[in-house]
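What follows is a single structure, written as C-alpha coordinates, with notes after it.
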Protein chains: 2
Amino acid sequence: MSEEKKEENSFTDSQQHLDEETLFVVSQTFKALSDPTRIRILNLLCTGEHSVNEIAETLNLGQSTVSHQLRFLKNLRLVKYRRAGSTLFYSEDDHHVMNLLKQAINHATHH
Amino acid sequence: MSEEKKEENSFTDSQQHLDEETLFVVSQTFKALSDPTRIRILNLLCTGEHSVNEIAETLNLGQSTVSHQLRFLKNLRLVKYRRAGSTLFYSEDDHHVMNLLKQAINHATHH
DNA sequence: CGTATATATGAGCATATGTTCATATATTGT
DNA sequence: ACAATATATGAACATATGCTCATATATACG
(Lines give C-alpha, C1' and ligand atoms only; values in the text may rest on other atoms or scores of the structure.)
Protein backbone atom coordinates (compact mmCIF):
# COMPACT_ATOMS: atom_id res chain seq x y z
CA MET A 1 0.00 0.00 0.00
CA SER A 2 3.04 2.21 0.15
CA GLU A 3 3.94 1.14 -3.38
CA GLU A 4 2.24 4.14 -4.90
CA LYS A 5 3.36 6.67 -2.34
CA LYS A 6 7.08 6.62 -2.74
CA GLU A 7 6.99 8.15 -6.20
CA GLU A 8 4.65 10.95 -5.22
CA ASN A 9 5.56 14.43 -4.11
CA SER A 10 9.26 13.99 -4.33
CA PHE A 11 9.30 17.66 -5.20
CA THR A 12 7.62 20.90 -4.38
CA ASP A 13 4.85 21.78 -6.81
CA SER A 14 5.76 23.24 -10.17
CA GLN A 15 5.54 26.92 -10.88
CA GLN A 16 2.86 28.80 -12.75
CA HIS A 17 4.86 30.02 -15.72
CA LEU A 18 7.53 28.32 -17.77
CA ASP A 19 10.05 30.44 -19.62
CA GLU A 20 11.24 29.65 -23.14
CA GLU A 21 14.50 28.08 -22.07
CA THR A 22 13.02 25.78 -19.45
CA LEU A 23 10.41 24.71 -21.96
CA PHE A 24 13.12 23.94 -24.48
CA VAL A 25 15.31 21.99 -22.09
CA VAL A 26 12.44 19.93 -20.72
CA SER A 27 11.01 19.12 -24.14
CA GLN A 28 14.44 18.18 -25.47
CA THR A 29 15.04 15.90 -22.52
CA PHE A 30 11.80 14.04 -23.06
CA LYS A 31 12.35 13.94 -26.81
CA ALA A 32 15.56 12.03 -26.16
CA LEU A 33 13.52 9.43 -24.29
CA SER A 34 10.69 9.28 -26.80
CA ASP A 35 12.33 6.98 -29.33
CA PRO A 36 12.39 3.16 -28.92
CA THR A 37 15.93 2.88 -30.28
CA ARG A 38 17.30 5.46 -27.87
CA ILE A 39 15.43 3.88 -24.99
CA ARG A 40 16.99 0.51 -25.81
CA ILE A 41 20.45 2.06 -26.02
CA LEU A 42 20.10 3.91 -22.72
CA ASN A 43 18.62 0.85 -21.06
CA LEU A 44 21.63 -1.16 -22.23
CA LEU A 45 23.99 1.49 -20.88
CA CYS A 46 22.35 1.01 -17.47
CA THR A 47 24.36 -2.19 -17.28
CA GLY A 48 27.67 -0.39 -17.78
CA GLU A 49 29.79 0.91 -20.63
CA HIS A 50 29.62 -0.61 -24.10
CA SER A 51 31.31 0.02 -27.45
CA VAL A 52 29.37 1.14 -30.50
CA ASN A 53 29.64 -2.27 -32.12
CA GLU A 54 28.61 -4.05 -28.95
CA ILE A 55 25.51 -1.91 -28.79
CA ALA A 56 24.72 -2.48 -32.45
CA GLU A 57 25.15 -6.25 -32.20
CA THR A 58 23.39 -6.63 -28.87
CA LEU A 59 20.38 -4.62 -29.98
CA ASN A 60 20.49 -5.79 -33.58
CA LEU A 61 20.88 -2.31 -35.01
CA GLY A 62 22.96 -0.87 -37.81
CA GLN A 63 26.33 0.60 -36.85
CA SER A 64 25.39 3.91 -38.45
CA THR A 65 22.07 4.04 -36.63
CA VAL A 66 23.78 3.54 -33.28
CA SER A 67 26.45 6.10 -34.04
CA HIS A 68 23.88 8.70 -35.06
CA GLN A 69 21.79 8.12 -31.96
CA LEU A 70 24.84 8.21 -29.71
CA ARG A 71 25.79 11.56 -31.18
CA PHE A 72 22.28 12.78 -30.44
CA LEU A 73 22.51 11.56 -26.84
CA LYS A 74 26.03 12.95 -26.50
CA ASN A 75 24.91 16.42 -27.61
CA LEU A 76 22.35 16.39 -24.81
CA ARG A 77 25.05 15.17 -22.41
CA LEU A 78 23.06 12.05 -21.60
CA VAL A 79 26.02 9.83 -22.50
CA LYS A 80 29.79 10.16 -22.55
CA TYR A 81 32.57 7.98 -23.92
CA ARG A 82 35.99 6.71 -23.03
CA ARG A 83 38.52 5.88 -25.72
CA ALA A 84 40.46 2.61 -25.68
CA GLY A 85 42.47 2.32 -28.84
CA SER A 86 40.13 2.61 -31.77
CA THR A 87 37.19 1.53 -29.66
CA LEU A 88 34.90 4.00 -27.92
CA PHE A 89 33.13 2.86 -24.79
CA TYR A 90 29.95 4.77 -24.16
CA SER A 91 28.30 5.11 -20.78
CA GLU A 92 25.54 7.13 -19.14
CA ASP A 93 26.27 10.70 -18.10
CA ASP A 94 23.05 11.99 -16.53
CA HIS A 95 21.73 10.00 -13.63
CA HIS A 96 18.70 12.23 -13.30
CA VAL A 97 17.45 11.50 -16.79
CA MET A 98 18.34 7.84 -16.41
CA ASN A 99 16.21 7.86 -13.30
CA LEU A 100 13.27 9.27 -15.23
CA LEU A 101 13.68 6.45 -17.73
CA LYS A 102 13.86 3.80 -15.04
CA GLN A 103 10.74 5.15 -13.39
CA ALA A 104 8.81 5.03 -16.66
CA ILE A 105 10.01 1.50 -17.45
CA ASN A 106 9.14 0.31 -13.98
CA HIS A 107 5.74 1.88 -14.21
CA ALA A 108 5.10 0.35 -17.63
CA THR A 109 6.18 -3.15 -16.63
CA HIS A 110 4.96 -3.44 -13.04
CA HIS A 111 1.46 -2.33 -14.03
CA MET B 1 23.61 18.39 0.30
CA SER B 2 20.72 15.94 0.33
CA GLU B 3 19.24 17.76 -2.63
CA GLU B 4 20.63 15.26 -5.08
CA LYS B 5 19.88 12.17 -3.05
CA LYS B 6 16.13 12.25 -2.85
CA GLU B 7 15.60 11.65 -6.55
CA GLU B 8 17.96 8.72 -6.77
CA ASN B 9 17.20 5.04 -6.51
CA SER B 10 13.51 5.40 -6.01
CA PHE B 11 13.25 2.07 -7.81
CA THR B 12 14.99 -1.20 -8.19
CA ASP B 13 17.26 -1.31 -11.21
CA SER B 14 15.74 -1.81 -14.63
CA GLN B 15 15.71 -5.16 -16.36
CA GLN B 16 17.97 -6.38 -19.13
CA HIS B 17 15.46 -6.78 -21.95
CA LEU B 18 12.52 -4.64 -22.97
CA ASP B 19 9.67 -6.22 -24.87
CA GLU B 20 7.92 -4.52 -27.78
CA GLU B 21 4.93 -3.38 -25.77
CA THR B 22 6.90 -1.87 -22.91
CA LEU B 23 9.07 -0.09 -25.43
CA PHE B 24 5.99 1.29 -27.13
CA VAL B 25 4.29 2.45 -23.94
CA VAL B 26 7.40 4.11 -22.57
CA SER B 27 8.26 5.87 -25.82
CA GLN B 28 4.67 7.08 -26.23
CA THR B 29 4.64 8.42 -22.70
CA PHE B 30 7.80 10.43 -23.24
CA LYS B 31 6.60 11.56 -26.65
CA ALA B 32 3.62 13.12 -24.94
CA LEU B 33 6.00 15.14 -22.80
CA SER B 34 8.37 16.06 -25.62
CA ASP B 35 6.36 18.94 -27.06
CA PRO B 36 6.46 22.47 -25.61
CA THR B 37 2.75 23.04 -26.19
CA ARG B 38 1.74 19.86 -24.41
CA ILE B 39 4.12 20.62 -21.57
CA ARG B 40 2.53 24.04 -21.12
CA ILE B 41 -0.95 22.52 -21.16
CA LEU B 42 -0.08 19.83 -18.64
CA ASN B 43 1.73 22.35 -16.47
CA LEU B 44 -1.38 24.52 -16.47
CA LEU B 45 -3.54 21.53 -15.55
CA CYS B 46 -1.32 21.08 -12.48
CA THR B 47 -3.21 24.04 -11.04
CA GLY B 48 -6.58 22.35 -11.45
CA GLU B 49 -9.20 21.85 -14.15
CA HIS B 50 -9.61 24.29 -17.02
CA SER B 51 -11.85 24.56 -20.05
CA VAL B 52 -10.50 24.40 -23.60
CA ASN B 53 -10.98 28.11 -24.13
CA GLU B 54 -9.39 28.97 -20.81
CA ILE B 55 -6.34 26.96 -21.80
CA ALA B 56 -6.20 28.55 -25.23
CA GLU B 57 -6.48 32.09 -23.85
CA THR B 58 -4.14 31.58 -20.91
CA LEU B 59 -1.42 30.04 -23.04
CA ASN B 60 -2.13 32.18 -26.09
CA LEU B 61 -2.83 29.22 -28.37
CA GLY B 62 -5.43 28.56 -31.06
CA GLN B 63 -8.60 26.76 -30.00
CA SER B 64 -8.00 24.07 -32.60
CA THR B 65 -4.44 23.54 -31.47
CA VAL B 66 -5.53 23.03 -27.87
CA SER B 67 -8.34 20.70 -28.83
CA HIS B 68 -6.04 18.57 -30.98
CA GLN B 69 -3.44 18.31 -28.25
CA LEU B 70 -6.06 17.50 -25.61
CA ARG B 71 -7.33 14.68 -27.80
CA PHE B 72 -3.76 13.40 -28.04
CA LEU B 73 -3.34 13.56 -24.25
CA LYS B 74 -6.77 12.05 -23.70
CA ASN B 75 -5.95 9.06 -25.92
CA LEU B 76 -2.95 8.38 -23.72
CA ARG B 77 -5.16 8.80 -20.64
CA LEU B 78 -2.99 11.62 -19.34
CA VAL B 79 -6.00 13.93 -19.06
CA LYS B 80 -9.74 13.50 -18.55
CA TYR B 81 -12.65 15.92 -18.77
CA ARG B 82 -15.86 16.79 -17.00
CA ARG B 83 -18.79 18.26 -18.89
CA ALA B 84 -20.64 21.33 -17.63
CA GLY B 85 -23.16 22.40 -20.23
CA SER B 86 -21.33 23.00 -23.46
CA THR B 87 -18.08 23.55 -21.63
CA LEU B 88 -15.57 20.76 -21.05
CA PHE B 89 -13.27 21.05 -18.07
CA TYR B 90 -10.06 19.14 -18.53
CA SER B 91 -7.86 17.92 -15.72
CA GLU B 92 -4.90 15.60 -15.22
CA ASP B 93 -5.51 11.86 -15.11
CA ASP B 94 -2.09 10.27 -14.54
CA HIS B 95 -0.25 11.40 -11.46
CA HIS B 96 2.75 9.25 -12.28
CA VAL B 97 3.38 10.95 -15.62
CA MET B 98 2.67 14.34 -14.08
CA ASN B 99 5.30 13.51 -11.52
CA LEU B 100 7.84 12.76 -14.25
CA LEU B 101 7.05 16.16 -15.75
CA LYS B 102 7.40 17.96 -12.42
CA GLN B 103 10.73 16.28 -11.78
CA ALA B 104 12.06 17.36 -15.18
CA ILE B 105 10.82 20.92 -14.71
CA ASN B 106 12.32 21.13 -11.26
CA HIS B 107 15.59 19.77 -12.51
CA ALA B 108 15.65 22.21 -15.41
CA THR B 109 14.85 25.25 -13.28
CA HIS B 110 16.69 24.56 -10.04
CA HIS B 111 19.95 23.93 -11.91
C1' DC C 1 -36.66 26.47 -34.45
C1' DG C 2 -32.82 29.78 -35.03
C1' DT C 3 -28.76 31.83 -33.10
C1' DA C 4 -24.77 31.99 -30.23
C1' DT C 5 -21.14 29.73 -27.87
C1' DA C 6 -17.96 25.80 -26.91
C1' DT C 7 -15.48 22.17 -28.71
C1' DA C 8 -14.18 18.62 -32.20
C1' DT C 9 -12.57 17.18 -36.57
C1' DG C 10 -10.32 16.60 -41.10
C1' DA C 11 -7.48 18.21 -44.85
C1' DG C 12 -3.42 20.46 -46.14
C1' DC C 13 1.13 22.00 -45.40
C1' DA C 14 5.74 22.85 -43.63
C1' DT C 15 9.05 20.96 -40.77
C1' DA C 16 11.16 17.39 -37.89
C1' DT C 17 12.68 12.75 -37.25
C1' DG C 18 14.93 8.19 -37.88
C1' DT C 19 16.98 4.96 -40.93
C1' DT C 20 19.91 3.50 -44.71
C1' DC C 21 23.63 3.80 -47.93
C1' DA C 22 27.95 5.18 -49.18
C1' DT C 23 31.99 7.09 -47.76
C1' DA C 24 35.21 9.46 -44.65
C1' DT C 25 38.23 9.42 -40.65
C1' DA C 26 40.92 7.33 -37.14
C1' DT C 27 43.55 3.82 -34.84
C1' DT C 28 46.09 -0.57 -34.82
C1' DG C 29 49.13 -4.14 -36.41
C1' DT C 30 52.18 -5.95 -39.98
C1' DA D 1 52.98 2.53 -46.06
C1' DC D 2 49.10 -0.82 -46.24
C1' DA D 3 45.35 -3.47 -44.79
C1' DA D 4 41.99 -4.28 -41.23
C1' DT D 5 38.92 -2.70 -37.83
C1' DA D 6 36.07 0.83 -35.30
C1' DT D 7 33.50 4.78 -35.61
C1' DA D 8 31.69 9.10 -37.68
C1' DT D 9 29.43 11.66 -41.16
C1' DG D 10 26.42 13.46 -44.83
C1' DA D 11 22.95 12.94 -48.29
C1' DA D 12 18.67 11.01 -49.45
C1' DC D 13 14.32 9.26 -48.37
C1' DA D 14 10.05 7.94 -46.07
C1' DT D 15 7.33 8.88 -42.31
C1' DA D 16 5.80 11.48 -38.28
C1' DT D 17 4.55 15.68 -36.15
C1' DG D 18 2.24 20.06 -35.08
C1' DC D 19 -0.15 23.98 -36.65
C1' DT D 20 -3.76 26.41 -39.38
C1' DC D 21 -7.92 26.86 -41.83
C1' DA D 22 -12.44 25.70 -42.66
C1' DT D 23 -16.20 23.28 -41.14
C1' DA D 24 -18.85 20.04 -38.30
C1' DT D 25 -21.09 18.88 -33.99
C1' DA D 26 -23.10 19.80 -29.64
C1' DT D 27 -25.24 22.37 -26.06
C1' DA D 28 -27.78 26.40 -24.32
C1' DC D 29 -30.91 30.10 -24.73
C1' DG D 30 -34.27 33.15 -26.69
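Quick note on labels: first sequence line is chain A, next is B, and so on, each numbered from 1.
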Given protein heavy atoms under 4.0 Å, the one-letter contact record of nucleotides 23-30 of chain D, with B base, S sugar-phosphate only and - none, is simply ----SS--
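- Residue R71(B) has a polar side-chain atom (N or O) positioned under 4.0 Å from OP1 or OP2 of dT9(C).
- For H68(B), whose side chain is taken as the heavy atoms from C-beta onward, the closest listed nucleotide among dT7(C), dT9(C), dT7(D) is dT9(C).
- Here the P atom of nucleotide dG18(C) and the CG atom of L33(A) are 12 Å apart, to the nearest Å.
- Taking CG of L78(B) as the start and OG1 of T29(B) as the end, the distance is 7.0 Å to the nearest 0.5 Å.
- Per the geometry, OH belonging to Y81(B) stands 17 Å off P belonging to dA6(C), to the nearest Å.
- Across all strands, T87(B) comes closer than 4.0 Å only to sugar-phosphate atoms, never to a base (heavy-atom distances).
- Judged by distance alone, with hydrogens and angles left aside, the side-chain atoms of R83(B) form a donor-acceptor pair with the main-chain N or O of G85(B) at under 3.5 Å.
- Proximity of T37(B) to the phosphate of dC19(D): a side-chain N or O atom is located under 4.0 Å from OP1 or OP2.
- In this structure, N99(B) contributes its side chain and H95(B) its backbone to no donor-acceptor pair below 3.5 Å.
- Considering only the side chain of L88(B), dA8(C) comes nearest among dT19(C), dT9(D), dA8(C).
- We find that CD of Q28(B) is positioned 12 Å from C1' of dT17(D), with the value rounded to whole Å.
- The line from NE2 of H107(A) to NE2 of H110(A) is 11.0 Å long, rounded to the nearest 0.5 Å.
- Distance alone, capped at 3.5 Å, places no donor-acceptor pair between the N43(A) side chain and the I39(A) backbone.
- Rounding to the nearest 0.5 Å places CG of L61(A) at 12.0 Å from CG of N53(A).
- Between H50(B) atom NE2 and dT7(C) atom P there is a gap of 13 Å when expressed in whole angstrom units.
- Atom CZ of F89(A) has more than 12 neighbouring heavy atoms from other residues, nucleotides or ligands inside a 6.0 Å radius.
- Nucleotide dT7(D) holds its C1' atom 13 Å from the CD atom of E57(A), rounded to whole Å.
- We find that CD1 of I55(B) is positioned 13 Å from C1' of dA6(C), with the value rounded to whole Å.
- The separation between L70(B) atom CG and dT9(C) atom P is 11 Å, rounded to whole Å.
- Judged by distance alone, the side chain of S67(B) and the main-chain N or O of Q63(B) form no donor-acceptor pair under 3.5 Å.
- Ring-plane geometry between F30(A) and F30(B) is classed as parallel, the angle between the planes falling under 30 degrees on a 0 to 90 degree scale with a further cut at 60.
- One axis for each end of the helix from dC1(C)-dG30(D) to dT30(C)-dA1(D), each built from five base pairs, and the angle between them comes to 20° at 10° resolution.
- In terms of position on DNA chain C, the residue among F89(B) and D35(A) whose nearest nucleotide sits closer to the 5' end is F89(B).
- A donor-acceptor contact under 3.5 angstrom links the side-chain atoms of S64(A) to the base of dC21(C).
- For N53(A) and dT5(D), the shortest distance from a side-chain N or O to OP1 or OP2 is not below 4.0 Å.
- Map K31(A) and Y90(A) each onto its nearest nucleotide of DNA chain D; the residue landing nearer the 5' end is Y90(A).
- Judged by distance alone, the side chain of T58(B) and the main-chain N or O of I55(B) form no donor-acceptor pair under 3.5 Å.
- Distance CZ (R38(B)) to C1' (dA16(C)): 13 Å, rounded to an integer number of Å.
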